[in-house]
Amino acid sequence: MNFAFLNKYWQFYLVGAKNTILLAALAVIIGTAIGLFLSLLKLSSRKPLRFIASAYIEFIRGTPLLVQLFIIYYGLQAVGIRFPDIPWIGAILGINFSDFMSGVITLGLNSGAYVAEIFRAGIQAVDKGQMEAARSLGMPHRMAMQHIIIPQAIRNILPALGNEFVVVIKESSIVSIIGIGELMYKADTIRGNTFQPFEPLLVAALIYFLMTYPLSKLLAYIERRMHSGERS
Amino acid sequence: MNAHEQLIQTIDLRKHFGSLEVLRGISTSFEKGDVAVIIGPSGSGKSTFLRCLNLLETPTSGQVIFEGVDITRAGHDLDLHRRKMGMVFQLFNLFPHMTVLDNITLAPIKLRGLSKEEAENRAMELLKRVGLTDKALVHPAKLSGGQKQRIAIVRALAMQPDVMLFDEPTSALDPEMVGEVLEVMRDLAAEGMTMIVVTHEMRFAREVGKRILFMDGGLIAEEGPPEKVFGAPENQRTREFLRKVL
């Protein structure tokens, strides 16, 4: 094994890792927002709203992420929808901003469906008596959700949500296919430049692991702290 | 205000769960200052009836008239009425993610527009009455069942309700903790609070209740002052029930 290429290419990994983190972070923010919204639709008492949420979730979960990426990247362009290219942000990131947004939005839309199910399960796991107590005090439904149900649901949700964050970091590698310069893309570039098929990818795998493993540990720690403060 | 003003009136209240008819037409009323105790075998519809009074359970048909307003009718703000009806649950339902003080002050601050300081001062006064000022800053998980239920009563009282609904408040408690909760309820009744209590505590019903309602099979089978219902029940079902529980 020969890792001498690192001397020349280590900065590629640095940029790639930075872009991966940025991509995943933005996707997770979008995914969480969409997921929360969809879960509330799904728990709504109105049937059409529940149907919309279910249709979205089932469609996303039933189709490959790669197909979704191509639909957003090629399909939307074909019908004349294009994310605006903002050159100065692109220059800072060292990538094409419009392409980058295709990746972020695909990952966000995709993650939203999974997050929605995580939220729904977490909200439904809160004891029914909590909502009754809140309503009996005269709180409107929305206020009860905000102050009583969702804070407790977060505790049920956090482990699965943390896991979803880890999944998004890993799955973000797929957007290398549309040329977004994230970690996988950079590793592939190095592979092509050095004609070494093995070592550059090993380094990329290690960097992915160094991102996901501490994150899982951190989330487990936060979860423990939340519990020790208020339970037992 | 008329001393005998009707606070809550129900007219032919019915509730079905699927094909099961839990309430089969209840018409009764509760006056200001009333301490009504609802007794009866399990499955008789006691809790469902109580939960229909603040519409936690939506009646299938019939009316609930609270302070002159038919709250079963659509198109008015139910939350405003619920603020005047405190409720205490069998399983306490304290908010586990908040301190005792926040449990008590959340609704008065958010719904009655009290300042945080004002709400906390009032909460501390109420806590003093139930002897739990030292628990203000702990989370409910650190409390015993009896303490939780006393806090739950305080939480409801903090909204300054016109009536308190108790849904089997001592049924989930260890026997040695029943007394401390009944004590609080006894004091409340003595202060003139209007109370509607579903309970299996017959001694409490007899000593504190001004009026006993015996429910059986989704109907009020018998009602009257405790001396009469306990001393000389007219209804065959009441006699059978009392023979079993006393």
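Within every chain, numbering begins at 1; the chains are lettered A, B, ... in the order of the sequence lines, protein sequences first and strands thereafter. Quick note: numbers below take in every heavy atom, side chains included, and nothing from hydrogens, waters or symmetry partners.
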Q) If you measure only the distance, is there a donor-acceptor pair under 3.5 Å linking the side chains of Gln90(B) and Asp167(B)? A) no
Q) Given a strict heavy-atom distance threshold of 4.5 Å, which part of Met143(A) is in contact with chain B: side chain, backbone, both, or neither? A) side chain
Q.
Pairing donors with acceptors under 3.5 angstrom, does anything connect the side chains of Glu168(B) and Thr199(B)?
A. no
Q. With only heavy atoms counted, which part of Phe95(B) is less than 4.5 Å from chain A, the side chain, the backbone, both or neither?
A. both
**Q.** Contact class of Leu111(B) relative to chain A, heavy atoms under 4.5 angstrom
**A.** side chain
**Q.** Ring-ring centroid check His81(B) His76(B), cutoff 6.0 Å
**A.** yes
Q: Using non-hydrogen atoms and a 4.5 Å limit, figure out which bit of Arg155(B) sits close to chain A: side chain, backbone, both or neither.
A: both
Q: Among Leu94(B), Leu91(B), Leu78(B), single out the residue with the greatest number of heavy-atom pairs under 4.5 Å to chain A.
A: Leu94(B)
Q) Does the side chain of Ser173(A) pick up a donor-acceptor pair with the side chain of Glu182(A) at under 3.5 Å? A) no
**Q.** Leu106(B), part contacting chain A, at a heavy-atom distance under 4.5 Å
**A.** side chain
(Q) Quick check on Met159(B) against chain A: is it the side chain, the backbone, both or neither that has a heavy atom closer than 4.5 Å? (A) side chain
(Q) Quiz question: by atom type and distance under 3.5 Å, do the side chains of Arg142(A) and Gln146(A) form a donor-acceptor pair? (A) no
Q. Taking atom CZ of Phe17(B) as the centre, does the number of heavy atoms from other residues, nucleotides or ligands within less than 6.0 Å exceed 12?
A. yes
